[in-house]
J.: 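Sharing a structure with you now.
Index from 1, following the sequence. Everything numeric in this text was worked out from a predicted model, so none of it was measured. Remember, it's 1-based here, ligands and their atoms both numbered in the order they're listed.
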Amino acid sequence: MKCKVCGGKAVISLRAYNSALCEKDFISFLENRVFKTIKKYKLINDKDKLLIAVSGGKDSLSLWYILNKLGFNADGMYIDLGIGGYSDLSLEKVKKMSDMLKRPFYTFHLNDAMGKGIEAISKKIKRTTCSACGMIKRYIMNRVCLDKGYNVIVTGHNLDDEASALMGNLLYWKEEYLWKKGMMLNEEEGHLSKKIKPLFLCSEREMAAYAVLCGIDYIYDECPFSIGAKSLFYKELLNRLEDNSPGTKLQFLKGYLKFIRQMNIEKNRREMKYCINCGYPTVSDKCNFCRIMEKYGIERNIIFEEYRPTYEVFE
Ligand code: AMP
Ligand code: FES
Ligand code: ZN
């Protein structure tokens with residue numbers, strides 16, 4: 001297999017693009033893809049202060065690395081969900097990247113702040129672990145942005161994450177979520193932070209290859225609570241479609257982006273208030289997070305630990 005650009009030895013075949021690339025050209029291809037996505041969809045403007053949510057996985061760590069390389073300075077944030085060794089190891093990977101990039105990050109420890117890890121909290125509030133986790137992560141990500149003076153949350157959601165979420169929402173016609181699956185959420189302008197997903201058009205396989213080729217040290221394991229999740233099943237189904245017809249996932253998402261643009265959806269602008277407990281923007285008197293935690297008597301002491309990189313030279 002030869003590289004389509006330079007004729008050298010290809011290390012990866014990209015059937016969706018009818019192409020194969022060598023290490024150097026693949027790295028440029030992927031970085032260029034992220035750059036073009038940011039520019040084409042106007043994800044970042046000059047005044048934006050970026051905070052990237054890093055989980056310790058390949059996508060968010062690679063994205064942090066790429067953003068820095070492209071000159072978009074971003075600090076990080078890590079939410080320690082208190083999942084034993086999995087959370088500790090993830091934090092180590094985030095620290096390593098922070099040191100390498102010389103960019104600080106904030107950590108939120110669920111056990112310290114709320115007296116319990118995600119498993120115990122989800123039981124207490126009678127939700128599945130993933131649903132409790134999603135709700136808490138959304139709140140904490142916005143909260144750290146607001147508290148620390150950032151205005152954009154960057155996440156590492158990739159093409160496979162987005163295609164599987166879209167598929168799930170379509171199958172069950174979850175209309176209220178269907179419109180929220182773009183690569184930029186600017187919903188409550190002036191209240192909540194803007195959320196962007198620059199890896200929207202980069203597949204899981206491409207991201208794994210990028211991380212390995214760039215020597216990015218990431219956590220391989222999935223969260224133990226994601227085993228058996230529907231989203232993983234949808235990913236598998238979509239990969240079978242992709243095997244049969246390369247490019248399907250990309251077309252699915254690109255078509256969706258075009259569709260929501262053409263529909264020019266009028267968002268229901270709701271009048272925003274601020275939570276009487278925590279000051280967080282909400283549509284009622286108390287935000288969802290405070291309401292649920294209060295109902296089930298869970299303490300909340302929202303503090304962020306700041307990690308300053310050690311200025312060592314890394315290989
Ligand atoms: P997931 O929902 O695990 O597929 O993660 C999607 C994105 O959410 C990741 O790429 C990160 O940007 C962010 N994220 C997930 N888990 C965490 C975490 N524990 N701390 C910070 N960001 C996270
Ligand atoms: Fe949320 Fe595992 S339960 S990442
Ligand atoms: Zn609140």
J.: In the protein, which heavy atom is nearest to atom 17 (C) of ligand 1, and how far is it?
T.: Ser55 CB, 3.5 Å
J.: Identify the protein heavy atom lying closest to atom 8 (O) of ligand 1, giving its residue, its atom name and the separation to 0.1 Å.
T.: His157 CE1, 4.0 Å
J.: Please report the C-alpha distance between Phe200 and Tyr41 in whole Å, then the side-chain angles of each, then the deciding distance to 0.1 Å, and finally whether the ring-ring contact (aromatic ring centres under 6.0 Å, His included) criterion is met.
T.: CA-CA 11 Å; Phe200 199 88; Tyr41 296 94; 7.8 Å; no
J.: Do Arg308 and Glu306 sit within salt-bridge range, that is, some charged N less than 4.0 Å from a carboxylate O?
T.: yes
J.: State, without any angle test, whether Ser60 and Ser55 hold a side-chain donor-acceptor pair at a distance under 3.5 Å.
T.: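 Ser55 and Ser60 do have a side-chain donor-acceptor pair below 3.5 Å.
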J.: Please state which part of Val54 comes within less than 4.0 Å of ligand 1, counting heavy atoms only: side chain, backbone, both or neither.
T.: backbone
J.: Does any N or O in the side chain of Asp75 come within less than 3.5 Å of the main-chain N or O of Leu51, such that one atom is a donor and the other an acceptor?
T.: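 No, because the side chain of Asp75 does not come within donor-acceptor range (under 3.5 Å) of the backbone of Leu51.
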J.: Could you tell me whether Glu294 and Arg300 have a side-chain N and a carboxylate O separated by less than 4.0 Å?
T.: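 Judged by the 4.0 Å cut-off on N to carboxylate O distance, Glu294 and Arg300 do form a salt bridge.
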J.: How close does the nearest protein non-hydrogen atom get to atom 19 (N) of ligand 1, and which residue and atom is it?
T.: Ile79 O, 2.9 Å
J.: State the count of protein N/O/S atoms located less than 2.8 Å away from atom 1 (Fe) of ligand 2.
T.: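 Of the protein's nitrogen, oxygen and sulfur atoms, 1 lie under 2.8 Å from atom 1 (Fe) of ligand 2.
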J.: Give yes if a backbone or side-chain nitrogen or oxygen of Leu81 is under 3.5 Å from a nitrogen or oxygen of ligand 1, and no if not.
T.: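 In fact, backbone or side chain, Leu81 has no N or O that close.
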J.: Identify, by atom number and element, the atoms of ligand 1 in contact range of Met77, meaning under 4.0 Å from any of its heavy atoms.
T.: 21 (C)
J.: Can a protein heavy atom be found under 4.0 Å away from atom 22 (N) of ligand 1?
T.: yes
J.: Between Arg205 and Asp160, does at least one N-O distance fall below 4.0 Å, as a salt bridge requires?
T.: no
J.: Please identify which of these residues, Leu43, Thr155, Thr37, meets the side chain to side chain contact (heavy atoms under 4.5 Å, CB included) condition with Lys197.
T.: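 Single side chain to side chain contact (heavy atoms under 4.5 Å, CB included) partner of Lys197 among Leu43, Thr155, Thr37: Thr155.
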J.: Calculate the angle formed at the Zn ion (ligand 3) by SG in Cys278 and SG in Cys275; 10° precision is enough.
T.: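 Taking the Zn ion (ligand 3) as the apex, the two atoms subtend 110°.
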J.: Going by an N to O cut-off under 4.0 Å, is there a salt bridge joining Asp217 and Lys93?
T.: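 Salt bridge between Asp217 and Lys93, a charged N being under 4.0 Å from a carboxylate O: yes.
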J.: Using a 4.0 Å heavy-atom cut-off, say whether Lys137 meets ligand 1 through its side chain, its backbone, both or neither.
T.: side chain
J.: Looking only at protein heavy atoms, which one is nearest to atom 9 (C) of ligand 1, and what is the separation?
T.: Gly156 N, 3.9 Å
J.: Relative to each other, are the rings of Tyr139 and Tyr280 parallel, tilted or perpendicular (30° and 60° limits)?
T.: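 If you compare the ring of Tyr139 with that of Tyr280, the planes turn out tilted.
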J.: Below the 3.5 angstrom mark, is there an N/O of Ala53, backbone or side chain, next to an N/O of ligand 1?
T.: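 By distance alone, the answer is yes.
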J.: Regarding Glu236 and Arg240, does a basic nitrogen lie under 4.0 Å from an acidic carboxylate oxygen?
T.: no
J.: Look at the rings of Phe304 and Phe108 and say which category their plane angle falls in: under 30° parallel, 30 to 60° tilted, over 60° perpendicular.
T.: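 Answer is tilted, since the angle falls between 30° and 60°.
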